[in-house]
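Proteins come first, then strands; the chains are lettered A, B, ... in the order of their sequence lines, and each starts at number 1.
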2 protein chains.
Amino acid sequence: MKEKSSRLNTIREIVSRQKIGSQEELLTVLTEHGYSLTQATLSRDLKRLKITKTLDSTGAYQYKLSEPPFLNGGGGEVQIIGANSLEFSGNIAVMKTRKGYASGIAAEIDDEGGDAILGTIAGDDTILIIPREGYSRAEITALLSNLIGTN
Amino acid sequence: MKEKSSRLNTIREIVSRQKIGSQEELLTVLTEHGYSLTQATLSRDLKRLKITKTLDSTGAYQYKLSEPPFLNGGGGEVQIIGANSLEFSGNIAVMKTRKGYASGIAAEIDDEGGDAILGTIAGDDTILIIPREGYSRAEITALLSNLIGTN
DNA sequence: TCAATAATTGTATATTTTTGCATGTTTTTT
DNA sequence: AAAAAACATGCAAAAATATACAATTATTGA
């Protein structure tokens, strides 16, 4: 099912970008984005994504991705945890990251991407990933998913 | 009142030692430790302590001290991946990070540092951390170490 | 393809957490 | 020391979140 993974992606992006204080609130935003679901489903989505209600520095509630935005160096495998979503436009991949981490993660992708990655450009929370010609979306997705890890 | 801070302390200890999945459960443990309070009070205590309900790797709920996103404890060893070093010059702290991660980590410090941190400036792999006047090196070190963590 | 199996979702409901309010207690101010 | 202000707490109610169950939709394998 396509709907679901797209929705999960969107949820991750929203949560990492704006302050969301309750599921109802997030539900509203998702509705504005064109998704139709109930709070029950959202609750399950959040559980799958390990997004939990935390407290920000002012003591207000805020939903947050619980995985630290870091590289997991265990076992020689490099795994990037800070990336929130990946989507293609044409043959260009756009990765959204936790704010501030784009350039760091982009560097990792350059490092690890090998032949398949022609280059990357990073803003603050967005990375443009340009694959080398001849590599399919599927291949790039697989490569990056591997770096990122799955949900 | 002495009772309260002692209780908060105990809560922190319990939560960091054993798996607590709900406030009721924690309440039971606290009662066994000789404290007498209601779930309502406990809820407020947890809020003060910024202890929130998160999801562990198996998908079960677990209360946790808000965790610094800086480190990865793979294989029992504590490994600081984002931040490499911390040193003072005068009352200014300089943190070295993995290339590209400085601004991301600086943002975390701003987020989590509370009153003690006046501000941060990030380059590519270096963060300047300016403590608020009145905070000692030791305090800042403790704070940042805590953020960086010894999980 | 079709039946069997698994996954996803909504509804209704249960569970859990948060909070308004009243009250008692401690601390501060005068 | 009395009054005022600030803080802590329980109770009850509200709000938020999670889940059992049943229906629906997708997926798998012969």
Please write out each protein N/O paired with an N/O of nucleotides 20-24 of chain C under 3.5 Å, distance rounded to 0.1 Å.
{"residue": "C:dG20", "atom": "O6", "partner": "B:Arg44", "partner atom": "NH2", "Å": "2.5"}

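Listed pair A:Tyr63 / D:dT17 meets the phosphate criterion, a side-chain N or O lying under 4.0 Å from OP1 or OP2. A close approach under 4.0 Å does occur between a side-chain nitrogen or oxygen of B:Lys53 and OP1 or OP2 of C:dT17. Contact annotation: A:Tyr61 side-chain N/O to D:dA15 OP1/OP2 distance is not under 4.0 Å. Listed pair A:Gln23 / D:dA18 meets the phosphate criterion, a side-chain N or O lying under 4.0 Å from OP1 or OP2. A:Thr41 has no side-chain polar atom (N or O) that falls below the 4.0 Å cut-off from OP1 or OP2 of C:dT9.
The heavy-atom pair separating A:Gly21 from A:Glu25 by the smallest distance is N-OE1, 2.9 Å.
Across all strands, B:Leu46 comes closer than 4.0 Å to no nucleic acid atom at all (heavy-atom distances). Contacts of A:Ser43 with the nucleic acid, taken as non-hydrogen atoms under 4.0 Å apart, include base atoms. Looking at heavy-atom distances under 4.0 Å, A:Leu42 makes no contact with the nucleic acid at all.
The nearest whole Å value for the distance from the CD1 atom in A:Ile51 to the P atom in D:dT17 is 13 Å. Taking atom CG on A:Leu27 and atom P on C:dT9, their separation rounds to 13 Å, with Å as the unit. Remark: P of D:dA15 and CD of A:Glu24 are 12 Å apart, rounded to the nearest angstrom. A:Leu30 has its CG atom 12 Å from the P atom of C:dG10, to the nearest Å. Atom NZ in A:Lys47 sits about 13 Å away from atom C1' in C:dT15, given to the nearest Å. The nearest whole Å value for the distance from the CG atom in A:Leu37 to the P atom in D:dT17 is 14 Å. As a whole-Å value, the separation of A:Leu55 CG from C:dT18 C1' is 11 Å.
Between the side chains of A:Thr10 and A:Tyr35, at least one donor-acceptor pair of N or O atoms lies under 3.5 Å.
For D:dA18, its base sits under 3.5 Å from the side chain of A:Gln39 at one donor and acceptor pair at least.
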| query | Yes or no on side-chain contact (heavy atoms from CB on, under 4.5 Å) for A:Lys64 and A:Asp56, after CA distance, side-chain angles and deciding distance? | reply | CA-CA 10 Å; A:Lys64 271 191 152 178; A:Asp56 70 13; over 6 Å; no
| Evaluation steps, side-chain contact (heavy atoms from CB on, under 4.5 Å), between A:Met95 and A:Ile105 | CA-CA 10 Å; A:Met95 182 182 281; A:Ile105 293 177; 4.2 Å; yes
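For A:Arg7, taking side-chain heavy atoms from C-beta onward, the closest of the listed nucleotides D:dT9, C:dT9, D:dA18 is C:dT9.
Under the 4.5 Å side-chain criterion, counting only non-hydrogen atoms from C-beta, A:Leu49 is in contact with A:Ile11. The shortest side-chain heavy-atom distance between A:Glu24 and A:Gln39 falls under the 4.5 Å cut-off.
Of the residues near DNA chain D, A:Gly21 and B:Arg48, the one whose nearest nucleotide (by heavy atom distance) lies more toward the 5' end is B:Arg48.
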Donor-acceptor contacts under 3.5 Å from residues 40-47 of chain B side chains, at least two apart:
{"residue": "B:Asp45", "atom": "OD1", "partner": "B:Arg7", "partner atom": "NH2", "Å": "3.0"}
{"residue": "B:Asp45", "atom": "OD1", "partner": "B:Arg48", "partner atom": "NH1", "Å": "3.0"}
{"residue": "B:Asp45", "atom": "OD2", "partner": "B:Arg7", "partner atom": "NE", "Å": "2.6"}
{"residue": "B:Asp45", "atom": "OD2", "partner": "B:Arg7", "partner atom": "NH2", "Å": "2.9"}

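Note that the NE2 atom of A:His33 and the OG1 atom of A:Thr28 stand 11.5 Å from one another [nearest 0.5 Å].
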